[in-house]
There are 2 protein chains.
Amino acid sequence: MNFNQAKTQFIQTWGTLGSEWGINRSMAQVHALLLISPEPLSTENVMEELSISRGNANMNLRDLMNWNLISKVLVPGDRKEYFEAEKDIWEIARRIAKERKKRELEPVLKVLDQLKQADLDKSLKTHQSFLATINDLDDFVGKMDKSVEVMLKADESWFFSTLLKLIK
Amino acid sequence: MNFNQAKTQFIQTWGTLGSEWGINRSMAQVHALLLISPEPLSTENVMEELSISRGNANMNLRDLMNWNLISKVLVPGDRKEYFEAEKDIWEIARRIAKERKKRELEPVLKVLDQLKQADLDKSLKTHQSFLATINDLDDFVGKMDKSVEVMLKADESWFFSTLLKLIK
DNA sequence: CTAAACTTTCAATTATTACTGAAAGTTTAG
DNA sequence: CTAAACTTTCAGTAATAATTGAAAGTTTAG
């Protein structure tokens, strides 16, 4: 396998993985492209490399900025904007975890807490069962949330070594 | 908020969360419905409760079986099939983690390992950068994979207490 | 065996999500 | 100031994913 094949397959694979995890395929591909690029790339570069439109490239670059996964780079003497990706995988994982916690975990926790307040008749089996599930989930999601906090504060080697040395 | 409102909102919320994580909305809703139901439900029950078609109900119930999240229950004297969900949230999390590991993590690891073999010219910056990213990712995804293994072997209280007591 | 009860399949349709490209908006060099 | 260089927006279109419902398949009671 030569470089271009490998590069294409990497971008492809990352795109597929992304879409399996609810991330827009193109966004994941743009990210992959920037991850392996030694130099910052312009919108045009991205358009060409991935054969996508200007609008698409622009939107996904903007989204990646909102996820804190890439940043703008100014090249002196050039009016174009260039983009480069954070390359530290652990840092990437933390930023993704942070965003998903904020966007998904926290809202769900809020809903679960509200549902606990619903006025139920505890003599009914259906209501009991509902409450039990909600309570269990709230507890679990709360622990997940806290775990992500731990991860956000931790450094990589500590985090994995704590986790992994216990497998033996 | 009364029971039916709470129930509807829970099913709704779970469906939304599911689709944010790459899981079909209906499948997540069927799962939510079964999670809070004190009794096993038939395909007809599911169709009525969620106002979905027979085909849709059947497919999603089958998928949930493939994910090991629900199982068939036989009710004596009844030819219909009934379904009940695993209710232990930690067990649910383990089964989901197990499946996603198998379906998504492992294939990606395999690709990354192949990409490491690509024949590259290490004097080129682009190739160096590619290889560095692939290596870092492979390492990281490998650790994630191992962490899931730890989780699969662990029991809940141990797992979270190990993780959480270190936040202080 | 066979007809009723039930489950599964899948082509056609509908809903959702993503993408394009041209126009509008913004910035800056001169 | 203004025209060129660049970025953003968004209505229309295309691609993808999910759903329906009727027909085909399967099982079992009698």
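Every chain is numbered from 1, with letters handed out A, B, ... down the list of sequences.
A:Met59 is linked by a side chain to side chain contact (heavy atoms under 4.5 Å, CB included) to A:Arg62, counting only residues two or more places apart in sequence or in another chain. Taking A:Arg94 as the reference, nothing meets the side chain to side chain donor-acceptor pair (under 3.5 Å) condition, with sequence neighbours excluded.
Spacing between atom CD of B:Glu44 and atom P of C:dT8 amounts to 13 Å, rounded to whole angstrom units. Atom CG in B:Asn56 sits roughly 17 Å away from atom P in C:dA11 (whole-Å rounding). Computed from coordinates, the B:Lys72 NZ to C:dC6 C1' distance equals 11 Å when rounded to whole Å. For the pair B:Phe83 CZ and C:dC6 P, the computed distance is 13 Å after rounding to whole Å. What separates CG of B:Leu41 from C1' of C:dC6 is a distance of 17 Å, to the nearest Å. Here the P atom of nucleotide D:dA15 and the CD1 atom of A:Ile52 are 15 Å apart, to the nearest Å.
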Checklist line | Stepwise ring pair (Phe, Tyr, Trp, His ring centres under 6.0 Å) check, B:Phe140 with A:Phe160 | finding: CA-CA 10 Å; B:Phe140 183 81; A:Phe160 280 119; 5.8 Å; yes

Check: Going through the distances and angles, do A:Glu106 and A:Lys110 end up as a salt bridge (charged side-chain N to carboxylate O under 4.0 Å, His left out)?
Finding: CA-CA 6 Å; A:Glu106 287 169 14; A:Lys110 213 173 135 200; over 6 Å; no

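Positionally, the nearest nucleotide of DNA chain D for A:Tyr82 lies more toward the 5' end than for the other of A:Ser19 and A:Tyr82. Along DNA chain D, the nucleotide nearest A:Glu81 and the nucleotide nearest B:Ser51 are compared for position; the residue whose nucleotide lies closer to the 5' end is A:Glu81.
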Next item on the list: Between protein and nucleotides 23-29 of chain C, map the contacts as a letter string: B base, S sugar-phosphate only, - none, heavy atoms under 4.0 Å, written 5' to 3'.
Entry: ----BBS

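A tilted orientation is assigned to the rings of A:Phe159 and A:Trp90, their planes being inclined by 30° to 60°.
Applying a 4.0 Å cut-off to non-hydrogen atoms, the residues of residues 22-29 of chain B that approach DNA chain D are B:Asn24, B:Ser26, listed by residue number. Looking at residues 58-67 of chain B, you'll see B:Asn58, B:Arg62 sit with a heavy atom under 4.0 Å from some atom of DNA chain C.
A donor-acceptor pair under 3.5 Å is formed between the side chain of A:Gln128 and the backbone N or O of A:Lys122. B:Arg95 places no side-chain N or O within 3.5 Å of a backbone atom of B:Leu69 that could act as its donor or acceptor partner.
A donor-acceptor pair shorter than 3.5 Å can be found between the side chains of A:Asn45 and A:Ser42. Judged purely by distance below 3.5 Å, without hydrogens or angles, the side chains of B:Thr133 and B:Asn135 never pair a donor atom with an acceptor atom.
Closest of all the heavy-atom pairs between A:Ala57 and A:Thr43 is CB-CG2, 3.9 Å. Nearest heavy-atom pair across A:Asp136 and B:Lys87 is OD2-O, 4.5 Å. Looking at every heavy atom in both residues, A:Ile36 comes nearest to B:Ser129 through O-OG, 2.8 Å.
The B:Ser53 side chain lies nearest to D:dT20 when the options are C:dC6, C:dT20, D:dT20.
The closest side-chain heavy-atom distance from A:Trp14 to A:Leu33 is not below 4.5 Å.
With pairs defined as Watson-Crick or G-U wobble and both atom distances under 3.5 Å, the stems of at least three pairs that touch DNA chain C come out as C:1-30 with D:1-30.
In this structure, A:Arg100 is not positioned above the aromatic face of A:Trp67 in the sense of NZ or CZ being under 6.0 Å from the six-membered ring centre and within 45° of the axis.
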